[in-house]
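These notes concern the structure reproduced below.
Below, each value reflects all heavy atoms present in this structure, side chains not excepted, and no hydrogens, waters or symmetry copies. Here is the naming used below: chain letters follow the sequence lines, and residue numbers restart at 1 for every chain.
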Protein chains: 2
Amino acid sequence: MGTSLRPAHIDFPAPARPDPNHADCRGVASVLSRVGDKWSVFVIMMLSDGPKRFNELKRMINGISQRMLTLTLRGLERDGLVTRTIFPTIPPRVDYELTDLGRGLSQPVEALGKWAKDHLVQIEAARSQFDERNDR
Amino acid sequence: MGTSLRPAHIDFPAPARPDPNHADCRGVASVLSRVGDKWSVFVIMMLSDGPKRFNELKRMINGISQRMLTLTLRGLERDGLVTRTIFPTIPPRVDYELTDLGRGLSQPVEALGKWAKDHLVQIEAARSQFDERNDR
DNA sequence: CAGCATCCAAGACGATACTG
DNA sequence: CAGTATCGTCTTGGATGCTG
């Protein structure tokens with residue numbers, strides 16, 4: 001496989017002398033980075049109103065490649081946020097569904113999504129202001 | 001500079017025919033990906049109890065390289081979440097501080113952080129279970 | 001239909017060296 | 001102290017072609 005299910009950039013270098021402030025940050029970061037993954041967020045949102053099939057998701061999430069959808073679903077499955085159910089029919093059918101854990105996560109995620117939506121204009125304004133000052 | 005302030009992977013391919021479901025997702029994703037960035041989260045958390053200097057942050061966030069701290073701070077500044085104040089003293093001194101926007105963001109972020117902390121054990125259990133089933 | 005394997009380009013990141 | 005510049009390495013992710 002071309003890409004690992006355990007991304008490297010969320011692993012942490014152990015501090016020489018552990019700073020009490022960050023004792024448990026290592027693990028938290030790895031959870032947050034799943035949320036930061038744009039595809040994961042979309043998949044979670046798409047699944048929040050019931051189970052979906054692979055190609056169904058692919059169609060709903062415009063622009064995702066098959067590879068990334070597979071990878072994203074595996075990641076979510078690995079984290080126990082999504083279940084994968086295979087129906088041994090012909091043609092094969094696979095349903096993806098949020099677990100209880102996944103449904104729990106989707107709440108704070110949507111809170112954050114709401115914040116993002118509400119402040120998107122401000123942020124984009126800040127960005128173009130910043131860019132204009134610095135581009136040239 | 002080696003790395004852009006505007007990461008490519010958060011840009012979206014425009015849908016052939018815009019799906020009403022995703023009309024405003026493009027922008028939201030770019031905000032979420034800032035949150036998903038582990039360094040950004042740590043910086044925001046470190047700054048949530050008052051302004052800090054560059055090397056002060058560097059020491060608090062164990063394992064971050066100078067380069068990444070600079071890049072992260074620039075990203076946060078660009079998004080209007082952090083202000084950068086230069087004191088033209090010798091040696092130079094630069095303070096970073098959360099803006100109102102930044103403080104607003106830190107709330108849902110901490111809610112998510114709390115969720116992550118509360119369910120970390122479950123997630124890590126799910127991960128090792130999944131890995132054990134599939135590794136071999 | 002669902003998905004794995006392979007190839008390849010673009011980008012992210014760390015290490016190092018240098019500056020006002 | 002607080003950066004910038006540059007280099008080399010690793011990861012990411014799209015495209016394509018092949019299977020049960």
Side-chain angles (χ1 to χ4, degrees), chain A residues 1-14 29-30 33-34 36-40 42-43 51-78 82-97 134, chain B residues 1-14 29-30 33-34 36-40 42-43 51-78 82-97 134:
Chain A
M1 186 179 299
T3 306
S4 169
L5 240 39
R6 294 98 126 179
H9 61 281
I10 59 177
D11 289 334
F12 252 72
S30 78
S33 88
R34 172 141 313 297
D37 180 30
K38 76 176 176 199
W39 298 130
S40 295
F42 285 122
V43 168
K52 301 268 176 301
R53 301 180 55 173
F54 185 87
N55 276 345
E56 205 173 347
L57 284 170
K58 187 161 178 339
R59 271 188 303 272
M60 296 180 78
I61 305 177
N62 213 299
I64 193 171
S65 65
Q66 189 192 46
R67 181 186 143 78
M68 287 319 291
L69 181 53
T70 303
L71 245 36
T72 302
L73 286 168
R74 285 301 172 284
L76 293 170
E77 192 193 353
R78 180 167 110 96
V82 158
T83 57
R84 178 164 176 269
T85 314
I86 308 172
F87 300 89
T89 57
I90 297 183
R93 168 195 179 123
V94 180
D95 274 14
Y96 292 92
E97 184 171 12
N134 279 23
Chain B
M1 185 179 301
T3 306
S4 170
L5 240 37
R6 295 95 127 181
H9 60 281
I10 60 175
D11 290 335
F12 251 71
S30 78
S33 86
R34 172 140 315 295
D37 180 31
K38 78 175 172 197
W39 299 130
S40 296
F42 285 125
V43 169
K52 300 269 177 300
R53 300 180 57 173
F54 186 87
N55 275 345
E56 204 173 349
L57 284 169
K58 187 160 177 342
R59 269 188 304 271
M60 296 180 78
I61 306 176
N62 212 299
I64 193 170
S65 65
Q66 191 188 44
R67 180 186 143 79
M68 287 319 290
L69 181 54
T70 303
L71 246 35
T72 302
L73 287 168
R74 286 298 174 283
L76 292 171
E77 192 192 353
R78 181 167 110 97
V82 158
T83 56
R84 179 164 175 267
T85 314
I86 308 173
F87 299 89
T89 57
I90 296 182
R93 170 198 176 118
V94 180
D95 273 15
Y96 292 91
E97 185 171 12
N134 280 19

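Counting to the nearest Å, the C1' atom of dG14(C) and the CH2 atom of Trp39(B) are 11 Å from each other. The distance between atom CG of Leu57(A) and atom P of dC1(C), rounded to the nearest whole Å, is 14 Å. Rounded to whole Å, atom P of dT12(D) lies 10 Å from atom CG of Asp37(A). To the nearest angstrom, C1' of dA2(D) lies 13 Å from CD1 of Ile90(B). Straight-line distance from the CZ atom of Phe54(B) to the C1' atom of dG20(C): 15 Å, rounded to whole Å. For the pair Leu5(A) CG and dC4(C) C1', the computed distance is 13 Å after rounding to whole Å. Taking atom CE of Met68(B) as the reference point, atom P of dG11(C) lies 15 Å away to the nearest angstrom. In this structure, Lys52(A) atom NZ and dA2(C) atom P are separated by 13 Å, rounded to whole Å.
Of all non-hydrogen atoms in Lys58(B) and Ser65(B), the two that sit nearest each other are CE-C, 4.5 Å. The two residues Gly75(B) and Arg34(B) make their nearest non-hydrogen contact at CA-NH2, 3.5 Å. In terms of heavy atoms, Val94(A) sits closest to Arg84(A) at CG1-CG, 3.7 Å. Thr72(B) and Met68(B) get closest at one heavy-atom pair: OG1-O, 2.6 Å.
Side chains of Glu77(A) and Leu73(A) form no contact here, defined as non-hydrogen atoms less than 4.5 Å apart. With contacts defined as side-chain heavy-atom distances shorter than 4.5 Å, the pair Gln66(A)/Leu69(A) does not qualify. In this structure, Pro92(B) and Ile86(B) have side chains that are not in contact, with every pair of non-hydrogen atoms separated by 4.5 Å or more.
For the helix from dC1(C)-dG20(D) to dG20(C)-dC1(D), the angle separating the two terminal helix axes comes to 50°, with each axis derived from five pairs and the value rounded to 10°.
Backbone-only contact: Tyr96(A) has heavy atoms under 4.0 Å from sugar-phosphate atoms and none from a base.
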What's the verdict on side-chain contact (heavy atoms from CB on, under 4.5 Å) for Phe42(B) and Leu57(B), showing C-alpha distance, side-chain angles and the deciding distance?
CA-CA 9 Å; Phe42(B) 285 125; Leu57(B) 284 169; over 6 Å; no
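Distances shorter than 4.0 Å separate some side-chain N or O of Arg74(B) from OP1 or OP2 on dT4(D). Dashed line: the shortest gap from a side-chain N or O of Arg53(A) to OP1 or OP2 of dA2(C) is under 4.0 Å.
The side chain of Pro91(B) lies closest to dC1(D) when the candidates are dC1(C), dA2(D), dC1(D).
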Every protein N/O lying under 3.5 Å from an N/O of nucleotides 15-20 of chain D:
none

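Applying the side-chain hydrogen bond (donor to acceptor under 3.5 Å, both in side chains) rule to Asp95(B) yields the partners Arg93(B); only residues at least two apart in sequence or on another chain are considered.
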